[in-house]
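A quick write-up on the structure given underneath.
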Amino acid sequence: PLGFWERDNATDPFLSIDQRWNDDNIFAQSRLMATNPIQIQRVTLHGNSTGMSLDQLAPLLNQSFAWDEHLISTIGMDMREAVHQHRLYVLDFPLLANVTADPNATSAFKGKKMLAPIAFFIATDNASSPFQ
């Protein structure tokens, strides 16, 4: 028998990750593992050299989404309080915002503007899942 290495395929996180990619925790872990850690910035209340201010972040977020309601329901506080408690982090690649795929590319993105998504992370008190 495999002993320690024997796992149940239905619960093994490595064997089933392709089916759970849209889970918040899996998404956060994947984004953080593939990122240069220096790119992650803490969201601050006021602009300074150590992060992105809430004023800088706000226009980049989806304006039709109820951010405060979502944060209150998930972590029990609104965005301003989460920023005050140093719980919000952002991963942004502004240099990719205006990149267009090569017009001679063979992919479906041929000549199209590339996506430059902003990843928004919430630090939690859960040691096994520190970011959502």
Side-chain angles (χ1 to χ4, degrees):
L2 297 174
F4 177 77
W5 297 105
E6 190 172 352
R7 294 184 184 250
D8 175 6
N9 288 350
T11 60
D12 183 5
F14 297 107
L15 296 178
S16 61
I17 195 167
D18 63 324
Q19 297 162 357
R20 298 183 312 131
W21 65 269
N22 61 348
D23 175 90
D24 285 345
N25 292 326
I26 297 296
F27 179 80
Q29 290 172 17
S30 299
R31 291 299 298 257
L32 291 172
M33 286 188 296
T35 300
N36 177 350
I38 204 150
Q39 293 294 116
I40 299 170
Q41 301 176 67
R42 188 176 76 205
V43 180
T44 62
L45 288 175
H46 307 291
N48 60 38
S49 62
T50 60
M52 179 183 285
S53 75
L54 189 54
D55 290 338
Q56 292 170 307
L57 176 63
L60 302 176
L61 297 175
N62 181 344
Q63 301 301 306
S64 63
F65 185 75
W67 289 100
D68 281 334
E69 289 176 27
H70 178 69
L71 290 173
I72 289 168
S73 71
T74 55
I75 61 170
M77 63 187 78
D78 65 13
M79 190 175 293
R80 185 165 286 284
E81 182 59 26
V83 170
H84 179 72
Q85 291 190 21
H86 308 292
R87 290 183 177 257
L88 296 187
Y89 293 80
V90 67
L91 180 58
D92 182 23
F93 296 102
L95 294 176
L96 298 178
N98 296 312
V99 173
T100 303
D102 188 321
N104 298 318
T106 58
S107 71
F109 295 106
K110 180 179 179 175
K112 294 182 179 176
K113 185 175 177 182
M114 302 300 288
L115 299 176
I118 295 172
F120 192 60
F121 298 94
I122 302 168
T124 69
D125 293 328
N126 182 349
S128 66
S129 180
F131 285 99
Q132 288 185 346

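Between L45 and H84 the shortest side-chain heavy-atom distance falls below 4.5 Å. No side-chain heavy atom of V90 sits less than 4.5 Å from a side-chain heavy atom of F121. Residues M52 and L60 form a side-chain contact, since some pair of their non-hydrogen atoms from C-beta on lies under 4.5 Å apart. Between Y89 and F120, the closest side-chain pair of non-hydrogen atoms is not below 4.5 Å.
Taking N62 as the reference, S64 meet the side chain to side chain donor-acceptor pair (under 3.5 Å) condition, with sequence neighbours excluded. Residues satisfying the side chain to side chain donor-acceptor pair (under 3.5 Å) test with H86, not counting sequence neighbours, are R42. Scored by the side-chain contact (heavy atoms from CB on, under 4.5 Å) test, A101 finds F109, M114 as partners (sequence neighbours excluded). With sequence neighbours excluded, the residues that form a side-chain contact (heavy atoms from CB on, under 4.5 Å) with I72 are D78. N104 meets the side-chain contact (heavy atoms from CB on, under 4.5 Å) test with D102; sequence neighbours excluded. With sequence neighbours left out, Q85 forms a side chain to side chain donor-acceptor pair (under 3.5 Å) with E81, R87.
When all heavy atoms are compared, the tightest approach of G111 to T100 is O-CG2, 3.3 Å. Pairing each heavy atom of S53 with each of Q56, the nearest pair is N-OE1, 2.7 Å. Nearest heavy atoms, V83 versus L54: CG2-CD1, 4.2 Å. Here the closest heavy-atom approach between residue L61 and residue M79 is recorded as CD1-CE, 3.9 Å.
For the pair Q41 (side chain) and D92 (backbone), a donor-acceptor distance under 3.5 Å is absent.
By the 6.0 Å contact criterion, CD on E69 is open, its count of non-hydrogen atoms from other residues, nucleotides or ligands being 12 or less.
Once rounded to the nearest 0.5 Å, the distance linking CG of L71 with CG of L88 reads 6.0 Å. Separation of atoms CG (L91) and CD1 (I40) is listed at 5.5 Å; rounding is to 0.5 Å.
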